[in-house]
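What follows is a short report on a single structure.
Residue numbers count from 1 along this sequence. Keep in mind that what you see is a predicted model, and the values were worked out from it rather than measured.
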Amino acid sequence: MSVQVGIIMGSKSDLHIMQDAADIFKEFGVEFEMTVVSAHRTPERMFDYAKNAASRGLKVIIAGAGGAAHLPGMVASITVLPVIGVPVKSSNSIDGWDSILSILQMPNGIPVATVALNAAKNAGLLAVQILSTADISLADKMQTYKDDLRKKVEESAADM
């Protein structure tokens, strides 16, 4: 199987958050790559990554960024692939709101799917759902995952 999802982040310090998406892909058997691509410090690297992602076989990009959080939007402006933005509460962040709003408030024509602050796990799950539209076995795994979530809630309710 080829790499289907790219996980990128503005800084290695975001890895502890973005690892949650990687863990989801491992659980679902989805091939992924993960690297640091900074919109501000390495704009040429960001441009090359986004421009060549589809031709390399990627289907979805997850981009995590803190502070000004331009990475997801800039990548989305370059590629035709769906981009899922993960706002990261970084050390220089204003309670994460700067990251959330920077990713969420994209102009018309440049959509970025945005998950909650530090919610790379949900970004991974959303990417799996996107991929599952063209992969019935992946869709079956997602259904099992959701069924397991339901069962856990029902068990919790029964325990009360």
Exam field: side chain Asp23 to backbone Lys121, donor-acceptor pair closer than 3.5 Å: no
Side chain to side chain donor-acceptor pair (under 3.5 Å) partners of Glu154, counting only residues at least two apart: Arg150
Donor-acceptor under 3.5 Å (Asp135 side chain, Ser137 main chain): yes
Joint cluster assignment, Ile103 & Leu101, ILVMFWY side-chain distance < 4.5 Å: no
Check: Glu44/Tyr49 side-chain N/O donor and acceptor closer than 3.5 Å: no
Shortest non-hydrogen separation from Ala76 to Pro111 and the atoms involved: CB-O, 3.7 Å
Close side-chain approach of Val5 and Leu131, heavy atoms under 4.5 Å: yes
Which residues share a side chain to side chain donor-acceptor pair (under 3.5 Å) with Thr35, sequence neighbours left out: Arg45
Any donor-acceptor N/O pair, Asp98 side chain to Ile94 backbone, under 3.5 Å: yes
Test item: Ser99 side-chain N/O and Ala69 main-chain N/O as donor-acceptor pair under 3.5 Å: no
Val88 with Leu104, same ILVMFWY side-chain cluster at under 4.5 Å: no
same_hphob_cluster(Val80, Val83) at 4.5 Å side-chain heavy-atom cutoff: no
Where Gly6 and Leu58 come nearest, the two heavy atoms and their spacing: N-CD2, 3.8 Å
Intermediate values then yes/no, side-chain contact (heavy atoms from CB on, under 4.5 Å), Val60 and Gln4: CA-CA 7 Å; Val60 181; Gln4 296 184 323; over 6 Å; no
Flag, side chain of Thr79 to backbone of Val75, donor-acceptor distance under 3.5 Å: no
side-chain contact (heavy atoms from CB on, under 4.5 Å) evaluation trace for Arg56 with Val3: CA-CA 8 Å; Arg56 292 188 305 106; Val3 174; 5.9 Å; no
Summary of ring pair (Phe, Tyr, Trp, His ring centres under 6.0 Å) pairs that have at least one residue in residues 61-89, sequence neighbours excluded: His40-His70
Path from Ile100 to Met9 over hydrophobic side-chain contacts below 4.5 Å: no
Student check: side-chain heavy atoms of Lys51 and Met46 closer than 4.5 Å: no
Closest non-hydrogen atom pair, Gly10 against Leu71: N-CD2, 3.7 Å
Test item: Thr144 side-chain N/O and Asp140 main-chain N/O as donor-acceptor pair under 3.5 Å: yes
More than 12 heavy atoms from other groups under 6.0 Å of CG on Asp159: yes
Working for side-chain contact (heavy atoms from CB on, under 4.5 Å), residues Val128 and Phe25: CA-CA 8 Å; Val128 169; Phe25 298 136; 3.9 Å; yes
Min side-chain heavy-atom separation Val112-Ile84 under 4.5 Å: no
Straight-line distance of Lys146 NZ to Leu125 CG, nearest 0.5 Å: 8.0 Å
Salt bridge flag under 4.0 Å for residues Lys141 and Glu27: no
Heavy-atom pair of closest approach, residues Leu81 and Ala53: CD1-CB, 3.8 Å
Asn52 backbone acceptor or donor facing Ser55 side chain under 3.5 Å: yes
Nearest heavy atoms of Gly66 and Asp14, plus distance in Å: N-OD2, 4.4 Å
Minimum heavy-atom distance between Arg41 and Pro43, given as atom pair plus value: C-CD, 3.5 Å
Ile61 vs Ile8, side-chain contact (heavy atoms from CB on, under 4.5 Å): CA-CA, chis, key distance, verdict: CA-CA 7 Å; Ile61 297 172; Ile8 57 177; 4.0 Å; yes
Straight-line distance of Met74 CE to Phe47 CZ, nearest 0.5 Å: 9.0 Å
Within one Ile-Leu-Val-Met-Phe-Trp-Tyr cluster: Met106 and Trp97, side-chain cutoff 4.5 Å: no
